[in-house]
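Please read the structure below before turning to the comments.
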Amino acid sequence: MPQKKTDQLSGVIHKYMTIRGISNVRAAAQLMFFNYDTLRRRLKKPETFTLSELSRVIKYLKIPSSEIEFILEV
């Protein structure tokens, strides 16, 4: 995934964490059933998310598909 797309994906995830009132990664990990260290690593390098993990993030943060589709276009 190109760096620009990686940055956009990270930005969208952080944006929706803020919109949903999730103030830190530890709270997000609990909400989305991630191990804290795993989620922290994935947020630093969003290209390492598996499809299953990314689906979970999208579901729990209620990220509109239009924002994700734009980023994941090849």
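Computed from a predicted structure; not experimentally measured. When a residue number appears, it is its place in the shown sequence, counting from 1.
- A salt bridge (charged side-chain N to carboxylate O under 4.0 Å, His left out) check over residues 14-30, counting only residues at least two apart or in different chains, returns the pairs K15-E67.
- Applying the ring pair (Phe, Tyr, Trp, His ring centres under 6.0 Å) rule to pairs touching residues 14-52 yields F33-Y60, sequence neighbours excluded.
- Partners of Q3 according to the side-chain hydrogen bond (donor to acceptor under 3.5 Å, both in side chains) rule, which considers only residues two or more places apart in sequence or in another chain, are D7.
- Inter-residue side-chain proximity for L61 and M17 is flagged as met; some heavy-atom pair is nearer than 4.5 Å.
- For the pair I58 and I13, the minimum side-chain heavy-atom distance is 4.5 Å or more.
- In this structure, the salt bridge (charged side-chain N to carboxylate O under 4.0 Å, His left out) partners of R40, at least two apart in sequence or on a different chain, are D37.
- Taking all atoms of both residues into account, the shortest heavy-atom contact from M32 to V57 is SD-CA, 3.6 Å.
- Closest approach of S10 to L43, counting heavy atoms only: OG-O, 3.8 Å.
- With sequence neighbours excluded, the residues satisfying side chain to side chain contact (heavy atoms under 4.5 Å, CB included) with T50 are S52, E53.
- Scored by the salt bridge (charged side-chain N to carboxylate O under 4.0 Å, His left out) test, K45 finds no partners at all (sequence neighbours excluded).
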